[in-house]
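Notes to accompany the following structure.
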Number of protein chains: 2
Amino acid sequence: MDYIKLLKENNLKATPQRLTIVEELALNGHLNIDQIYKALQDKFPSISLATIYKNIHTMLDISFLNEVKIPNKKSVYELHKEEHSHIVCSKCNMIVDINLDISPLLKEASKISDFKLFESSVIFNGLCHNCK
Amino acid sequence: MDYIKLLKENNLKATPQRLTIVEELALNGHLNIDQIYKALQDKFPSISLATIYKNIHTMLDISFLNEVKIPNKKSVYELHKEEHSHIVCSKCNMIVDINLDISPLLKEASKISDFKLFESSVIFNGLCHNCK
DNA sequence: CTGACTGCAAACGTTTTGCACGGTA
DNA sequence: TACCGTGCAAAACGTTTGCAGTCAG
């Protein structure tokens, strides 16, 4: 994947720091602020937390990234992709994406509540294959 | 509902401040820290934010309350009840509870992911009857 | 009467801001 | 070259802690 191009298409300069954040997220799927910070310290020993925060926010603002708020855990960030659900292992904290057809649920919810629904956040937690 | 009794059953003293937090949550359903703080200032002009935080945490610890982490919003707190989903209005911020049968989704997720699943957090957002 | 709770003030960790410098386009 | 992005330091913010006094049981 050409992240340099992708960043430029979003009017963001492809600085080495920013590019590495994106690559780390592509590689790891979901990382919290501290994990991103630590992941960049090898390549950029003088990287600043402020830089991480600023980058995360500019990329959130243009929906290049998504924030995932997980019950009882720190928020993690992921590259934006189609809507999907998340499963979190309570023991090892592994997070996996899963595609579920939630449209029947949405339909039902919209009927009962009389809301016009746009988005959904579905997060399961349990124990992964290794931890269970 | 006799919240005094309910608090005592949970080994918590029924102080006026604590009781009022519970009553406000019973009345409003879902409130964030600031809203609780403001709601108590009428009755207790010298109420401290520390008191709110301490109470919320003691009541979370014994699962007398639940925290609901909502995407792009502050966390809100609710009295503990059976597992249910939430719908949030993006415009007026109203939050409503909804009972949906998510067991087919859980089953599917568990099959695909090979996780043993315990809990789920399902939050929809859209526009409520008045805002849409 | 005793331990739990409150309110205040200080401390803490996280996130944001301002600014001078440096690097991308 | 122009401007965006970085890194540092300081500030702001939300939350937690310690403590002395108070209150519920």
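We name chains A, B, ... by the order of the sequence lines, and we start the count at 1 in each one. As the structure is a prediction and not an experimental result, all values here were calculated from the model.
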Side-chain polar contacts of residues 124-132 of chain A - donor-acceptor pairs under 3.5 angstrom, sequence neighbours left out - could you list them?
unit_1: N125(A); atom_1: OD1; unit_2: S90(A); atom_2: OG; d: 3.1
unit_1: N125(A); atom_1: ND2; unit_2: E119(B); atom_2: OE1; d: 3.2
unit_1: H129(A); atom_1: ND1; unit_2: D114(B); atom_2: OD2; d: 2.5
unit_1: K132(A); atom_1: NZ; unit_2: D114(B); atom_2: O; d: 3.3
unit_1: K132(A); atom_1: NZ; unit_2: D114(B); atom_2: OD1; d: 2.7

**Study point:** Gap between atoms NE2 and C1', on H57(A) and dT17(C) respectively (whole Å)
**Key:** 13 Å
Review point. When you measure from every atom of DNA chain D, which of residues 26-49 of chain A have a heavy atom less than 4.0 Å away?
Key: S46(A), I47(A), S48(A)
Check your understanding: Taking the side chain as C-beta and beyond, is there a heavy-atom pair between R18(A) and M59(A) under 4.5 Å?
Key -> yes
Review point. Is a donor-acceptor pair below 3.5 Å formed from side chain K54(B) to base dG18(D), judging by atom type as modelled?
Key: yes
Exercise for review: Verify whether one side chain among H84(B) and N99(B) offers a donor that lies under 3.5 Å from an acceptor in the other.
Suggested key: no
Review point. At under 4.0 Å between heavy atoms, what does K8(A) touch on the DNA or RNA strands: base, sugar-phosphate, or nothing?
Key: sugar-phosphate
Review point. Nearest-Å distance, NZ (K13(A)) to P (dA25(C))?
Key: 7 Å
Review point. So, Q35(B) side chain and N32(B) main chain: donor-acceptor pair closer than 3.5 Å or not?
Key: yes
Study note, to complete from the structure: L7(A) CG to dC4(D) C1', in whole Å, measures 13 Å
Point to revise | Interatomic distance, L12(A) CG vs dC3(D) C1' [rounded to whole Å] | key: 14 Å
Review point. Between L12(A) and I62(A), is any pair of side-chain heavy atoms under 4.5 Å apart?
Key: yes
Practice item. Would you kindly give the CD1-to-C1' distance between I21(A) and dG5(D), to the nearest whole Å? Key: 11 Å
Check your understanding: What's the closest nucleotide to the Q17(B) side chain, out of dG7(C), dA4(C), dG5(D)?
Key -> dG7(C)
Point to revise | Exercise: identify the closest heavy-atom pair between Q17(B) and L40(B) | key: O-CD1, 3.6 Å
**Study point:** Nucleotide of dT6(D), dT14(C), dG7(C) approaching K74(A) most closely (side-chain heavy atoms)
**Key:** dT14(C)
Practice item. Round to the nearest Å and state the distance from M59(A) atom CE to dT6(D) atom P. Key: 9 Å
**Study point:** R18(A) CZ - dG23(C) P separation (whole Å)
**Key:** 16 Å
Study note, to complete from the structure: From CD1 of I56(B) across to P of dT17(D) the rounded distance in Å is 16 Å
Review point. More 5' along DNA chain C: A50(B) or N11(B), using each one's nearest nucleotide?
Key: N11(B)
**Study point:** Out of dA24(D), dG7(D), dA25(C), whichever nucleotide has its closest atom nearest the side chain of P16(B)
**Key:** dA24(D)
Check your understanding: How many angstroms lie between CG in L106(B) and CD in E108(B), if you round to the nearest 0.5 Å?
Key -> 11.0 Å
Practice item. Would you mind classifying the nucleic acid contact of T15(B) as base, sugar-phosphate or nothing, using non-hydrogen atoms under 4.0 angstrom? Key: sugar-phosphate
